[in-house]
Structure formats: C-alpha cells, structure tokens
Amino acid sequence: MVPTVPSPRRPVDACRPSDTVRHWYENELGWATVPGTPVELLTGLRFDVLEAPAEAGYAALRHLGPGSPVAVRADRMWLFVAAGTAEELPGLLDWLEWGALELDLRATGAGGRVEAPLPPGLVRTQGGRGDSSPGGAGRDGTGPGGTGAGTTAPVGTVVTPDESSQGAAVWLRPPEPGCEVEPFLPALSTLGGGGGGAPDLVRLVDTMATECHRIRLRRCCAQPLAFS
C-alpha cells in the first residue's frame, strides 16, 4: 500500500491581505486560484458560476440547499453550480423555451475565472483590498456599521457593500471550510427531478430566466416613447 501524502499547504503572509484570502480558498476550501492580485477563482474544476441580476437571484434562492454558496457583487448575484453547467446552459434554456430571448443570464465555466469574494470575518480597507483583521459584526449581523462588506448576512438579507468595497464581491451564503461543496451544488437531473440530494438546476434556471425576462419587460416599458 502506498501511503497517501496530503498536498503541501501554501504558507500565508499575514502582512499581505491577498495572501490571507488566497490561503483561505486554497487551504481551507481546496479551491484553485489564479496567481496575482486581486485573487480570482478558477471555474470549471469544482464548480461553475451562474450570474444574473441580484433581483433574479434572490427569487431563485428557494431552490437552493443550505450548503449552496452564493455571492453578490454590486447589483449582480453569483450562484455556484455544478461544473459543466456553463456548457449545458444554452441547451437547457432552449429546452425550457427561453433560448429565443435575450436574457441577462450567463455562466462562467471551464477556463474561466471570477473574483474571489472576501472570506467571512474579513473587512475591506479604503483601498478596496482585503484586510486580514477580523471585522466586528454589527447588531444586524451584517458587519461593521451595519454594512455587508466582507461579512456574511442571514439568508434573504440584501447585501449592499459600503463605499469602501463598492463593486467588490461578498458572500451571501459562504462555503463551509472542510466540507466538499460538490454535493450541494445545483446540477442537472433526469427530466428536472431532483436526484442525489443536490438542488435541481432546471428549476433554478427556469426561475432565474423568468425573473430576467420580467426585469427586461419592465425596463422596456420604462423607456420613454420616441416621437418623430
């Protein structure tokens, strides 16, 4: 029998906030990151990322299990889904009869990358970078001063980053260190029936597509009429 040797852990430099962030993803979660700053996550290996307007994402949260990671960035929501979803999405939208419409719904998969949301317990500095010091949570549980920057919020809470982290990705439902994420990711199942305990990707995408279409219709109705 050949003994199993664990992969070497990358040391963390407490003086460099980006190293603290990278250490959390690589050593605590086992997720692959891209060299450089800011820290980015590789998609298509353990997960893909489904992105839509935050309004559409909140409507779809009911289809997720408690272990499904979700992040928000400004007015966008990222739902972490099973690897391979990005390749399946166009065909799935066609099957759901959404393929003919232009929907603000896209997925990042193999060969892609997304910004790494700041790990829970860290705060943002004025420069928008991660600070390795823990942030004290406000009374509402969302972070210093009641903002959602760099901390987690209860499910259903709208996370709005403050000015120091405007546009930065933050966790709404963070992944759990030491736990495999794959069993909790939305995935395709036969004819839309949930299988294996994972959330059903068909219901998730259908709900998000419906909300994206409603958002599109509202925007079209809100545009002023052009008179010649």
_Joint cluster assignment, Y25 & L42, ILVMFWY side-chain distance < 4.5 Å_ =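 Unlinked, Y25 and L42 end up in two clusters.
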*Following the transitive rule for hydrophobic clusters with a side-chain heavy-atom cut-off under 4.5 Å over Ile, Leu, Val, Met, Phe, Trp and Tyr, establish whether V34 and L45 coincide in one cluster.*
yes
Measure across [X] and [Y] and return the closest heavy-atom pair with its distance rounded to 0.1 Å.
X	Y	value
D94	G99	OD1-CA, 3.1 Å
M208	G57	CE-CA, 4.4 Å
W95	V202	CZ3-CG1, 3.7 Å
V72	Y58	CG1-OH, 4.2 Å

*Listed by chain and number, what are the side chain to side chain contact (heavy atoms under 4.5 Å, CB included) partners of R214, not counting sequence neighbours?*
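Side chain to side chain contact (heavy atoms under 4.5 Å, CB included) list for R214, sorted by chain: T210, E211, R218.
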Are any non-hydrogen side-chain atoms of [X] and [Y] less than 4.5 angstrom apart?
X	Y	answer
P69	W78	no
P53	C212	yes
L29	W24	yes
V21	T33	no

*Which residue pairs pass the side-chain hydrogen bond (donor to acceptor under 3.5 Å, both in side chains) test when at least one of the two sits in residues 174-187, sequence neighbours left out?*
R46-E180, R46-E182
*Is L217 isolated, or which residues cluster with it under the ILVMFWY side-chain rule of less than 4.5 Å, directly or via members?*
none
*Hydrophobic side-chain clustering at under 4.5 Å (ILVMFWY, transitive links): who's grouped with I215? Put none if nobody.*
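Taking Ile, Leu, Val, Met, Phe, Trp and Tyr as members, I215 stands alone, with no cluster partners.
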Show me the donor-acceptor pairs within less than 3.5 Å that the side chains of residues 102-112 make with the rest of the protein, sequence neighbours left out.
residue	atom	partner	partner atom	Å
D104	OD1	R76	NH1	3.2
D104	OD1	R76	NH2	3.1
D104	OD1	R106	NH1	3.4
D104	OD2	R76	NH1	2.6
R106	NH2	E51	OE2	3.0

*For W98, ring-ring contact (aromatic ring centres under 6.0 Å, His included) partners two or more places apart*: H213
_Sequence neighbours excluded - salt bridge (charged side-chain N to carboxylate O under 4.0 Å, His left out) pairs with any residue from residues 35-44_ =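 Every salt bridge (charged side-chain N to carboxylate O under 4.0 Å, His left out) pair that includes a residue of residues 35-44, provided the two are not neighbours, is E40-R113.
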Solution key, residues 79-92 side-chain donor-acceptor pairs under 3.5 Å, sequence neighbours excluded:
residue	atom	partner	partner atom	Å
T85	OG1	A82	O	2.7

*Evaluate the criterion side chain to side chain contact (heavy atoms under 4.5 Å, CB included) for residue pair L61 and M77; output intermediate values, then yes/no.*
CA-CA 11 Å; L61 290 182; M77 182 174 288; 4.2 Å; yes
_How long is the straight-line distance from CG of L204 back to CG of L185, given to the nearest 0.5 Å?_
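It is 11.0 Å, given to the nearest 0.5 Å.
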*Measure the CG-CZ distance between L101 and R216 for me, rounded to the nearest 0.5 Å.*
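Here the rounded value is 6.0 Å.
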*Using atom types as modelled and distance alone, determine if a side-chain donor or acceptor of S68 lies under 3.5 Å from a backbone N or O of F184.*
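Yes: the side chain of S68 pairs with the backbone of F184.
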